[in-house]
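Worksheet for the structure shown next.
Numbers restart at 1 for each chain; the letters A, B, ... are given by sequence-line order, proteins then strands.
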Amino acid sequence: MSRPSAASPVECYLDELLTACAGLPPGETRWLLAETEAHLRDRAEALSAGGVPDFEAEEQAVAQFGPVAAIVRAERDRARLPLLALMRQVLGSAVLLGSVGAVAVGVSGVLAAVLQAIGGARFVVGDPSSSAMTGSACARWFQGDPHAASCAAAAISDWSAETTWYRIAFGVLGALVLAVGHRYLARGTGRLLPAQVGDTIAVTLFLAAGVATAALGVDAIATASGHGSGKWFSAAPVALGAAVIYGVRLSRALRRQPAARVA
Amino acid sequence: MKLDRVRGHLELLLLSVLSDGPGHGYALLAALRDRSDGALDFTEGAVYPALHRLEDLALIDSDWQQVLGRRRRVYRITPAGTKALAAQRSDWRALVDAVDAVLRPVQLRTAVAR
């Protein structure tokens, strides 16, 4: 096989195309080069058969094929995710992660009920401030618990129910959205962000929520004799647990990747 | 013909040509040119990214073959491609009819309505 002439317009074009393809997957580059070469040679041969001198035939074939930059840009654009599809993935992942978050809130509600049973309602909801205990507010709280010994006790009773049952109700809603959403989103491909991206976001958010709620619980111990710390301590382990689950899944996925080459 | 108006429909045109039978890029381009009596004369290199996009969408598939002494990628339409072509043809005809109705001179439109 003879070495190709460097001055050949077709060879120069193929060299330029090869250089411009940097960053494209090797298989796609080989594919594009092979198709382009076959096309350019066909066109040049057809022009030569029509009486055009060989060199000019190659020049015309290259000119008709179009600029390298435009072809490589079109190939790169092909591999790029359209903005609408990306937004759909972000929305799908947000719905799924949001519903998992709601389920976590529901679990924290169950934990709050347990802590309330162990440490009392004051441990979970804290003491109402004196400024909050207005006449109308007290009347409302007494409606919920007519046998309460004081306005503060009625407030604690009202808030403890909110802390547990509102959270549990939110969790049930989250579970319903998760069941429906997962069924729809898992059915097709491309409806969610790549799993590793979603898991990274989930780990970050749950870890931040876990650390923040644990810190608030510790703060309540330091500044309010522990009153109200149960509200935070019921949330922290659930958030941290979710962060660990997502973290393990992410770690497994990352470790399945081929090892990076060390230079 | 203003080719920038047609470029957006290159994939539809390629599907249509491929519905007549498999072909490699150069042959498909020649078929496009012949079927349009030379009116559609694309920048030839644009055909390949369009073919690759159609393959990404599983509307066509391809394999390497030795044709006339050269190794070429030969493309063929898939059942999904045939279905997509039928839908796109119908959309295109509806669009052409609608644009045509608007562009038609008013007197002619009235006469047609009668």
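- Residues A:Ala34 and B:Arg71 share a closest heavy-atom pair of CB-NH1, 4.3 Å.
- Within a 6.0 Å radius of CH2 in B:Trp64, other residues, nucleotides and ligands contribute more than 12 heavy atoms.
- Note on ring orientation: taking the six-membered ring where Trp is involved, the planes of B:Tyr26 and A:His39 are perpendicular (angle over 60°, cut-offs 30° and 60°).
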For this session: Please step through side chain to side chain contact (heavy atoms under 4.5 Å, CB included) for the pair B:Arg70 and A:Glu45, ending with a clear verdict.
Result: CA-CA 12 Å; B:Arg70 246 193 275 287; A:Glu45 277 177 19; 2.8 Å; yes

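- Of the two parts of A:Ala70, neither the backbone nor the side chain holds a non-hydrogen atom closer than 4.5 Å to a non-hydrogen atom of chain B.
- The 12-atom threshold is exceeded at CZ of B:Arg76, counting heavy atoms of other residues, nucleotides or ligands nearer than 6.0 Å.
- Around CG of B:Leu95, the count of heavy atoms belonging to other residues, nucleotides or ligands within 6.0 Å exceeds 12.
- Heavy-atom distances place the side chain of B:Arg72, and not its backbone, under 4.5 Å from chain A.
- One finds the CD atom of A:Glu35 at 7.5 Å from the CZ atom of B:Arg73 (value rounded to the nearest 0.5 Å).
- Atom OH of B:Tyr48 sits about 7.0 Å away from atom OG1 of A:Thr36, to the nearest 0.5 Å.
- The neighbour count for A:Asp54 CG, taken as heavy atoms of other residues, nucleotides or ligands under 6.0 Å away, does not exceed 12.
- Note: A:Asp42 leads A:Leu40, A:Ile71, A:Asp42, A:Val68 in heavy-atom pairs under 4.5 Å with chain B.
- Separation of atoms CG (B:Leu29) and CZ (A:Arg43) is listed at 7.0 Å; rounding is to 0.5 Å.
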For this session: Go through A:Asp77 and B:Arg53 one step at a time and tell me if the side chain to side chain contact (heavy atoms under 4.5 Å, CB included) criterion holds.
Result: CA-CA 10 Å; A:Asp77 286 349; B:Arg53 210 163 28 244; 5.9 Å; no

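- Residue A:Phe55 qualifies as enclosed at atom CZ: its count of foreign heavy atoms under 6.0 Å is above 12.
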